[in-house]
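Heads up: the structure comes next, in structure tokens.
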Amino acid sequence: MKARLAASAALALGIALGGSGCAMLTYQATTEKYDASDGVSADVGALDVRNVLVVSDDGEEGNLVLSVTNTSTDDETLSVQFVDEGDTFEIDVDGGETVSLGTAEEEPLLIENLDAEVGGLVAVYLQAGSAEGVEIQVPVLDGRLPEYEDLVP
């Protein structure tokens, strides 16, 4: 009788470990950082640049959409340069603050000589203070999607 009880307990323990143990050993995709929207992201020094994209109807003039969070207590300036066009913009971000540009509620950051293909990518170089800059490939989207139709310049 004791052997039967011990066998039942061992079987129950084996089923419990087998049913839950795979989560301990399996790769967890939720630990990976990714861009949850159509834009791209980058970290430049103390600045977290998120959801960067350009909205344009014709590829000639565009609206730069982005969000920048300053993770330090010092004021920082983000330099945004369109590599092929040469246009450069400076964005001031106070310490601990977030700045969003190009949204329906915020002032658009217009790129007048974009010269990009809608649906393609444009190279953008980001630099903040003395931190090493980073070049990212930013998608150029049009206003076909409802969430972007109000952002077209």
Side-chain angles (χ1 to χ4, degrees), residues 14-153:
I15 290 173
L17 285 176
S20 63
C22 65
M24 271 188 341
L25 305 174
T26 304
Y27 168 75
Q28 299 294 314
T30 56
T31 61
E32 292 294 319
K33 291 182 181 182
Y34 69 98
D35 296 313
S37 186
D38 295 323
V40 295
S41 300
D43 295 332
V44 184
L47 299 179
D48 295 343
V49 185
R50 300 292 180 255
N51 199 32
V52 184
L53 57 96
V54 175
V55 181
S56 175
D57 250 353
D58 57 7
E60 298 300 320
E61 183 180 57
N63 176 18
L64 179 65
V65 178
L66 59 83
S67 177
V68 184
T69 300
N70 186 345
T71 60
S72 77
T73 56
D74 298 328
D75 295 349
E76 296 279 344
T77 299
L78 177 68
S79 175
V80 180
Q81 180 183 10
F82 284 80
V83 175
D84 294 333
E85 291 75 33
D87 291 341
T88 302
F89 302 94
E90 302 286 328
I91 302 167
D92 295 323
V93 186
D94 294 336
E97 296 294 320
T98 298
V99 173
S100 295
L101 295 173
T103 65
E105 299 83 31
E106 302 297 329
E107 194 68 29
L109 187 57
L110 294 178
I111 305 111
E112 294 181 0
N113 301 314
L114 183 59
D115 193 29
E117 185 177 331
V118 174
L121 299 171
V122 62
V124 175
Y125 185 78
L126 305 173
Q127 175 70 43
S130 62
E132 184 177 342
V134 63
E135 185 175 313
I136 57 175
Q137 297 294 317
V138 176
V140 180
L141 306 174
D142 60 14
R144 280 185 258 179
L145 294 174
E147 56 266 29
Y148 299 129
E149 65 187 1
D150 293 339
L151 304 180
V152 176

Seminar exercise, completed: The complete set of side-chain hydrogen bond (donor to acceptor under 3.5 Å, both in side chains) pairs with one or both residues in residues 94-105, sequence neighbours excluded, reads T69-T98
Exercise. Can you find a pair of side-chain heavy atoms, one from F82 and one from V138, that are under 4.5 Å apart?
Worked result: no
Exercise. Are any of the side-chain heavy atoms of V124 and V52 separated by less than 4.5 Å?
Worked result: no
Exercise. Counting only N and O atoms by type, is there a donor-acceptor contact under 3.5 Å from the side chain of Q127 to the main-chain atoms of G129?
Worked result: yes
Seminar exercise, completed: Shortest non-hydrogen pair, A123 vs Q137, comes out as CB-NE2, 3.7 Å
Problem set entry | Point-to-point distance, once rounded to the nearest 0.5 Å, from CG of L126 to CG of L47 | 9.5 Å
Exercise. Are F89 and I111 close enough that some pair of their side-chain heavy atoms sits under 4.5 Å apart?
Worked result: yes
Seminar exercise, completed: Contacts of D115 meeting side chain to side chain donor-acceptor pair (under 3.5 Å) (sequence neighbours excluded), chain-then-number -> none
Problem set entry | Within 6.0 Å of CD in E117, more than 12 heavy atoms from elsewhere | no
Exercise. So among V54, L110, L64, which one has a side-chain contact (heavy atoms from CB on, under 4.5 Å) with P153?
Worked result: L110
Exercise. Atom CG of D38 and atom CG of L141: how far apart are they, to the nearest 0.5 Å?
Worked result: 5.5 Å
For this session: Under the side chain to side chain donor-acceptor pair (under 3.5 Å) rule, collect the residues that match up with T77, sequence neighbours excluded.
Result: D92
Problem set entry | OG on S67 to CG on D48, rounded to 0.5 Å | 9.5 Å
Exercise. If every non-hydrogen atom of S56 is compared with every non-hydrogen atom of G62, which pair is closest and at what distance?
Worked result: CB-CA, 4.0 Å
For this session: Measure the CG-OG distance between N51 and S37 for me, rounded to the nearest 0.5 Å.
Result: 4.0 Å
Problem set entry | Rounded distance [0.5 Å steps], CD1 in I136 versus OH in Y125 | 12.0 Å
Problem set entry | salt bridge (Lys or Arg N to Asp or Glu O under 4.0 Å): pairs with one or both residues in residues 56-79, sequence neighbours excluded | none
Exercise. Taking all non-hydrogen atoms of both residues, which atom of A128 and which atom of V44 are closest, and how far apart?
Worked result: N-CG1, 3.4 Å
For this session: Only counting residues at least two apart or in another chain, list the ones meeting side chain to side chain donor-acceptor pair (under 3.5 Å) with N63.
Result: none
Seminar exercise, completed: Residue pairs meeting salt bridge (Lys or Arg N to Asp or Glu O under 4.0 Å), one or both in residues 123-144, sequence neighbours left out, come to D142-R144
Problem set entry | L109 side chain near V80 side chain, heavy-atom distance below 4.5 Å | no
Exercise. Are V140 and L121 close enough that some pair of their side-chain heavy atoms sits under 4.5 Å apart?
Worked result: no
